[in-house]
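As the structure lists them, so they are numbered: ligands from 1, and atoms in each ligand from 1. Keep in mind the model is a prediction, meaning the values are calculated, not measured. We count residues from 1, following the sequence as given.
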Amino acid sequence: MDTSHDRLLIIDFGSQVTQLIARRLRELNVYCEIHPFQNVTDGFLLEFAPRAVILSGGPASVVHEGSPRPPALVFELGVPVLGICYGQQVMMQMLGGRVEGGKISGGGGTAEFGRAFVAPAEQNLPLLDGWFAAEKEQVWMSHGDHVAELAPGFEVFGTSPNAPYAITADTTRHFYAVQFHPEVHHTPNGARLYENFVRLAGFTGDWTMGAYREQAIAQIREQVGDKRVICGLSGGVDSSVAAVLIHEAIGDQLTCVFVDHGLLRENEADEVVAMFRDNYNIPLTHADETERFLGELDGQSDPETKRKIIGRLFIDVFQKYADQVEGAEFLAQGTLYPDVIESVSFSGGPSVTIKSHHNVGGLPEKMGLKLVEPLRELFKDEVRALGRELGLPASFIGRHPFPGPGLAIRCPGEITRPKLDILRKADAVYIDQIRRHGLYDDIWQAFVAILPVRTVGVMGDGRTYDYACALRAVTSVDGMTADYYPFTHEFLGETATRIINEVPGINRVTYDITSKPPGTIEWE
Ligand code: XMP
């Protein structure tokens with residue numbers, strides 16, 4: 001637990017959007033931690049010593065027996081408390097108000113889902129400074145129950161047609177309660193409420209990337225002591241930033257292993273190895289295992305079989321090299337905050353599911369290694385900011401995502417070396433085109449897939465019979481949904497001509513205009 005910054009505690013009651021609260025607070029340079037309600041005991045609260053507390057939303061109904069509660073001590077710490085949706089209702093109930101079940105949960109009140117408009121009450125509330133610029137503010141509601149009677153000391157500061165207690169507060173004790181979700185995109189001015197809340201609580205906004213870097217380095221040193229750490233490098237942003245950060249903390253106690261499976265893009269292995277060896281002087285094993293991977297992939301064309309072979313070999317190969325690092329007790333992973341999904345179950349304890357990093361999944365258990373995960377608290381864009389803070393080249397930080405199985409899943413059908421060579425060349429021309437036209441940073445991911453089909457063409461006086469390829473470029477926020485990038489016809493035409501002229505083996509170029517869903521970003 002970090003002790004050098006003012007801390008805000010988010011008590012999670014299982015809302016789908018609790019992480020977004022943390023996101024909004026990070027944007028305000030406020031240090032916060034999310035903890036499931038079951039873990040928040042009196043002892044925990046006293047040790048954590050929050051400067052403010054936020055009670056999240058959640059799927060339960062406070063009128064149901066056994067529904068989650070925070071410790072009563074939360075309201076006796078003398079710090080500001082903000083209750084959101086379920087958090088608002090639990091606060092009201094515990095402080096002497098009354099909550100009724102809505103239609104959804106079988107009671108007689110009004111459930112409300114989706115867009116709503118909140119209008120101000122007559123009196124001003126500092127939490128709402130700069131908020132009601134218009135007569136009403138759009139907010140996002142998602143509740144079955146509603147507050148029927150306010151707790152003593154609370155007054156109304158905002159109402160919506162279906163939520164007479166949309167915004168209430170006990171201004172003496174600095175308790176604030178909102179029925180809607182200020183953290184979501186559909187409450188467009190919601191960030192302002194958080195800004196006002198942390199200002200009222202006295203946060204100075206001292207949680208910057210520079211501060212994070214110092215804190216993370218201290219934590220790594222404490223965790224690792226004089227033991228050795230191994231880190232699987234993929235050349236992607238996350239593992240690279242993790243490696244540079246850990247190297248700054250423990251220097252030569254870190255060894256990186258870069259597994260080259262022969263399915264990388266043109267010059268990729270050399271670039272990654274050069275960057276780490278030349279710029280950072282980080283001990284790096286370059287494991288060229290092309291023969292082994294391509295050998296086992298020979299003759300395979302089923303997408304899932306390809307993935308399974310690559311995943312299994314990856315673990316075997318990584319283990320082989322890691323075994324050579326004497327005294328290694330830790331494995332570094334680039335796990336990010338969204339990978340750490342803390343969901344709340346109402347019968348048992350908190351269920352924590354961690355998506356393992358694809359490159360080294362399953363390794364820690366097999367090798368008896370402990371994990372070092374210095375990016376666990378960061379969102380993707382914060383990892384990029386940390387990378388900049390650590391001095392990684394901008395070109396590296398802005399790289400498009402690249403899948404663990406590499407070009408194997410961009411080569412539908414059988415994988416052969418000649419096809420991989422053609423694919424690498426075509427991909428390089430395509431990416432060069434995108435960069436030349438200044439489009440690289442507007443696109444989330446772009447690549448070429450070589451198709452398992454040959455077509456007839458004509459070049460010069462001769463007939464050709466070569467491969468067709470598909471260009472793919474998508475925009476996306478998180479890779480979960482995506483849309484194809486609307487290149488101009490001029491761009492597409494110029495790129496097709498360049499690929500056919502510069503890449504022997506390809507005589508037809510197509511552009512993939514499928515969105516996700518229904519398609520996926522990769523072809524396999
Ligand atoms: P799809 O194709 O599922 O891809 O729309 C979403 C994002 O994930 C990447 N991807 C992978 N990354 N191992 C990885 O590490 C994989 O097996 C894998 N499959 C897809 C893909 O490049 C895109 O960014």
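Considering both main-chain and side-chain atoms, R410 never comes within under 3.5 Å of ligand 1 through any nitrogen or oxygen pair. Residue F402 places no N or O, backbone or side chain, under 3.5 Å from any N or O of ligand 1. The distance criterion of under 3.5 Å between nitrogen or oxygen atoms is met by G404 with respect to ligand 1. Considering backbone and side-chain N/O of E524, none are found under 3.5 Å from N/O of ligand 1. For ligand 1, one of its N or O atoms has an N or O atom of K516 under 3.5 Å away.
Neither the backbone nor the side chain of W523 comes within 4.0 Å of ligand 1, counting heavy atoms alone.
Counting only residues at least two apart or in different chains, salt bridge (charged side-chain N to carboxylate O under 4.0 Å, His left out) contacts with residues 437-450 are absent.
The atoms of ligand 1 that sit less than 4.0 Å from any heavy atom of T520 are 1 (P), 2 (O), 5 (O). Distances below 4.0 Å separate heavy atoms of W444 from the following atoms of ligand 1: 24 (O).
Side-chain contact between F180 and R115 is absent, with no heavy atoms from C-beta onward closer than 4.5 Å. Taking 4.5 Å as the limit, every side-chain heavy atom of Y280 sits out of range of all side-chain heavy atoms of E248.
Nearest-heavy-atom check against atom 17 (O) of ligand 1 across R472, K306, R307 picks out R307.
Look at K380 and D238 and you find a salt bridge, because one of the NZ, NE, NH1 or NH2 atoms lies within 4.0 Å of a carboxylate O, short of that distance.
The closest donor-acceptor contact from the side chain of R228 to the backbone of D252 lies under 3.5 Å.
Residues satisfying the side-chain contact (heavy atoms from CB on, under 4.5 Å) test with S142, not counting sequence neighbours, are F113, H181.
Between the side chains of T305 and Q300, not a single donor N or O lies within less than 3.5 Å of an accepting N or O.
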